[in-house]
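Everything on this sheet refers to the single structure shown next.
Remember, it's a predicted structure, so these values are computed and weren't measured experimentally. FYI, the numbering just counts along the sequence from 1.
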Amino acid sequence: MTAEFGIFFLVLTFVISSLGFFSTITSGNKKKFLTLIHHEKISLLLFFFTILSFFCLTYSFLISDFSLNVVAKNSNSQLPTIYKITGVWGNHEGSILLWLLVMTFFGFLFSNSKIPDQNLKIQTLSVHNSLIFLVCTFVIFTSNPFERSFPPPIEGSDLNPLLQDPGLIIHPPMLYLGYVGFSIVYSISLAVLMLKKKTNFIEILKPWVFMSWIFLTAGIGLGSWWAYYELGWGGFWFWDPVENASLLPWLTASALIHTIMISSKKNLLINWTLLLSIITFLLSLLGTFLVRSGVLVSVHAFASDPTRGIFILLMLIIVSFSGLFYFLRRTELYSSKHQIKLVSREGAISLNNIFLISLTFTILIGTIYPLVSSIFFKSKISVGAPFFNSILTPVMVPMIFGMIIGPFLRWGNDDLLKLLNRLKILVFLFLFSSILLWYVNFGGPVIAIIFFIFAAWIIIASLFELTKFMNFKPKLRINSLPAKYFSQSISHIGIGLIIIGATGSSILKIEKIQFQEIGEIIKINQYDVEFKGVKVVEGPNFLSQTGVFEVSKDDAHVINLKPEKRFYNANKQVTTEAAIYSTIFGDLYIAIGDKNSIKNSVSWTTRIWYNPFTIWIWLGVFSLVTGGLISFFRVIKKKK
């Protein structure tokens, strides 16, 4: 009966959310149809019934109820308990139910937040409950996780082995908290546009933008980390279409964060704030379409029924039309005749936002063009890393200069000569660090040296900005450090760290692929990697061929690394589990392949990489999230 309770709670969510939907589409009616609807109570009920439905599905996975199609296809009695829970969202139906749960959770949070403008709050909840209705309709009619089959299979097919990993326990929920969090940002913005009079909404919008951006940043970082150590190809970002689908809303959300700062301080670019809020959620929905429709082939994508893709596309059209229609209708209400000076703090932020949006649009074109070419021109093409890297470099350079100079510019208007005079010490530090880095890396790829120099400039400038809160006379004393400056500096430092890590692990990486005999030593960078052989290890639901590699440096033992090749019992799938030795200077990364059946000697295919500074990527993501958290709590404290 668990499944029956699950679908019952889901139907209750559908019925109750429909009240919010019909309230929204009749909001312009003078008769005020359904005016008695209490949207705060609706939001509470929607979250309550959705979480009960989600618990029912989770319990079905835990007891291995193979009469449910989704459990039979994505679980197995041998599956460890933690991965039975992961299996709930390791498939299309369960992940969409998780999406719905997160959406109702955000509605519940917003309904319990203190909003001074009650009309705005009610209108926002009305819009958000309408979005919940659309998603719930999608779940029930195209992606019902409680469908049964009779007779039920004796055993399940097992969860995709790539998803049987600790990183996938937290990565999808974190990513969804980011994706779906922008539904509240969209709802607030649309509600503002639906109200016929001007309202102050920036401070209401701020915490939801920061919260969603933080989760999305953490989710993308965790996904990149998972791909790095789990897929066994030695890289952290493949420019896969589904990876791009998560990057697109992050880029516009980053632009939104900077724009909302100007809107809050100077009451400018409010239309841009509204438009970016709408576009960011639309890109989140587009990412859902790309992942769930089955139109793209990716290790991250779920193959799906085309009907589902059509439904998501219709939902995307409805949400896009609603947002853009009201934006165009009310654009004059929030327009400003104030001219932004290029040489000013807001000018630098605006210019950087233009570059961010341009980068977003270009990546979007590169991501969907193969699909467009296949449909309209009947030709199969692929757009890979060379294209995206070639467009990233020219856009990154002016953005980096904007990040460096922007925080030192004055609001309103400034003078470049006076700016250079104020920053003469910083310019000296730039020159000194550039010469030092060029000397240390002399003989290496010029492009790598240039990116290292840019990254160093970002970090030095961010630290230099904090020196204005230090007093060096008569002795060093740190004055009270405002949270907004600290959060900005630590976030920009995070970008610098990511640039260093990405440059090192992509441009400077060393790769060796060979048949390696037992006892043979491969030299890579400063390490000696000796192959000791392969042993068979039995796991809970797989057999593992585990390679043993002894790593030494300067004749001193460093570590034993044990990469695996796993054979899963239920679905006969094979996965590669890399072994990684990480230091602050770089990663030694080893993956093992097949046994050599040609030669008489006993040898195996081994792939050994040395990836310089890779760990700096994860430190950079951590720094970004930390900066975002500081800003979020500062905004929350300010509201109180």
Side-chain angles (χ1 to χ4, degrees), residues 23-24 27-28 39-40 43 106-107 109-131 181-214 252-281 322-340 344-346 349-350 353 411-412 482-484 487-488 628 630-640:
S23 171
T24 302
S27 59
H39 285 283
E40 291 182 357
S43 298
F106 274 101
L109 285 181
F110 186 82
S111 68
N112 284 278
S113 60
K114 294 179 180 178
I115 307 296
D117 189 337
Q118 283 301 303
N119 289 331
L120 177 60
K121 183 176 184 179
I122 292 170
Q123 191 65 58
T124 299
L125 289 174
S126 175
V127 173
H128 195 258
N129 291 337
S130 301
L131 295 175
F182 288 110
S183 65
I184 278 289
V185 174
Y186 171 89
S187 299
I188 295 171
S189 301
L190 187 57
V192 166
L193 293 167
M194 292 176 75
L195 295 174
K196 295 181 180 179
K197 62 178 182 178
K198 198 170 183 178
T199 182
N200 296 320
F201 68 95
I202 297 297
E203 297 305 319
I204 297 171
L205 190 65
K206 254 187 181 181
W208 302 99
V209 173
F210 276 107
M211 186 193 304
S212 304
W213 182 88
I214 290 165
T252 54
S254 299
L256 173 59
I257 282 177
H258 290 84
T259 302
I260 209 170
M261 288 167 51
I262 301 175
S263 298
S264 177
K265 187 173 184 67
K266 308 293 288 185
N267 200 32
L268 298 172
L269 299 181
I270 296 179
N271 272 331
W272 269 105
T273 297
L274 290 166
L275 183 60
L276 286 171
S277 299
I278 293 168
I279 289 175
T280 301
F281 182 59
S322 302
L324 297 177
F325 170 78
Y326 277 102
F327 175 77
L328 294 173
R329 191 178 181 184
R330 299 275 193 265
T331 186
E332 289 295 326
L333 193 61
Y334 293 97
S335 60
S336 172
K337 295 181 180 179
H338 182 83
Q339 296 293 321
I340 293 177
S344 65
R345 177 79 67 88
E346 55 266 47
I349 292 173
S350 300
N353 282 356
W411 293 100
K484 70 175 182 178
S487 64
Q488 176 184 282
I630 294 170
S631 295
F632 172 73
F633 286 115
R634 182 177 68 87
V635 171
I636 293 296
K637 185 178 180 181
K638 187 177 177 182
K639 282 186 69 177
K640 290 180 179 179

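- A donor-acceptor contact closer than 3.5 angstrom links the side chains of H128 and S183.
- Side chains of M194 and V127 form a contact here, defined as non-hydrogen atoms less than 4.5 Å apart.
- A donor atom on one side chain and an acceptor atom on the other are not found under 3.5 Å apart for T273 and T259.
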task = Decide yes or no on side-chain contact (heavy atoms from CB on, under 4.5 Å) for I115 and F110, but give the supporting numbers first.
result = CA-CA 9 Å; I115 307 296; F110 186 82; 4.1 Å; yes
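- Checking S631 against K484 by side-chain atom types alone, no donor-acceptor pair falls below 3.5 Å.
- From N129, atom CG reaches atom OG of S187 across 8.5 Å, with rounding to the nearest 0.5 Å.
- Scored by the side chain to side chain donor-acceptor pair (under 3.5 Å) test, S130 finds T24 as partners (sequence neighbours excluded).
- Looking at S189, its side chain does come within 3.5 Å of a backbone N or O of V185 through a donor-acceptor pair.
- Applying the side chain to side chain contact (heavy atoms under 4.5 Å, CB included) test to I340 and every residue at least two apart in sequence or in another chain returns L268, L269, S344, E346, S350.
- Among residues at least two apart or in separate chains, ring pair (Phe, Tyr, Trp, His ring centres under 6.0 Å) pairs with a member in residues 186-205 are Y186-F281, F201-Y334.
- A 6.0 Å sphere centred on CD of Q339 holds no more than 12 heavy atoms belonging to other residues, nucleotides or ligands.
- Between S254 and H258, the shortest heavy-atom distance links the atoms O-ND1, 2.7 Å.
- Applying the salt bridge (charged side-chain N to carboxylate O under 4.0 Å, His left out) test to pairs two or more places apart or on separate chains, none has a residue in residues 263-276.
- Taken to the nearest 0.5 Å, the CZ atom of F327 stands 15.0 Å off from the OG atom of S322.
- Put simply, CG on N200 and OG on S263 are 11.5 Å apart, with the number rounded to the nearest 0.5 Å.
- Residue pairs meeting the salt bridge (charged side-chain N to carboxylate O under 4.0 Å, His left out) criterion with at least one partner in residues 116-130, sequence neighbours excluded, are E40-K121.
- One distance of note links CD1 of I202 with CD1 of I270; it measures 5.5 Å at 0.5 Å rounding.
- Here the closest heavy-atom approach between residue K197 and residue L333 is recorded as C-CD2, 4.0 Å.
- Remark: K196 NZ to N119 CG distance equals 13.0 Å, nearest 0.5 Å.
- Taking 4.5 Å as the limit, every side-chain heavy atom of V192 sits out of range of all side-chain heavy atoms of T124.
- Side-chain contact between L190 and L274: absent, with no pair of heavy atoms (C-beta onward) separated by less than 4.5 Å.
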task = In sequence, state the C-alpha distance, the side-chain angles, and the governing distance for T280 and T252, and then conclude on side chain to side chain donor-acceptor pair (under 3.5 Å).
result = CA-CA 6 Å; T280 301; T252 54; 3.0 Å; yes
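- Side chain of R634 to main chain of A483: no donor-acceptor pair is present (N/O by atom type, distance under 3.5 Å, no hydrogens or angles).
- Put simply, the side chain of L109 does not reach to within 4.5 Å of the side chain of N112, judged on heavy atoms.
- Using a 4.5 Å heavy-atom threshold, the side chains of W411 and I262 count as touching.
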task = List the steps and the verdict of side-chain contact (heavy atoms from CB on, under 4.5 Å) for I184 and I188.
result = CA-CA 6 Å; I184 278 289; I188 295 171; 3.8 Å; yes
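- Atom OG1 of T199 is separated from atom CD1 of I204 by 6.0 Å, given to the nearest 0.5 angstrom.
- Scanning both residues, G107 and S43, for their nearest heavy atoms gives O-CB, 3.8 Å.
- For the pair H39 and Q123, the minimum side-chain heavy-atom distance is 4.5 Å or more.
- Here the two rings, on W213 and F632, have centers that are 6.0 Å apart or farther.
- Taking the side chain as every heavy atom from C-beta outward, F182 and W208 never approach each other to under 4.5 Å.
- Residues forming a ring-ring contact (aromatic ring centres under 6.0 Å, His included) with F633 (at least two apart in sequence, or on another chain): none.
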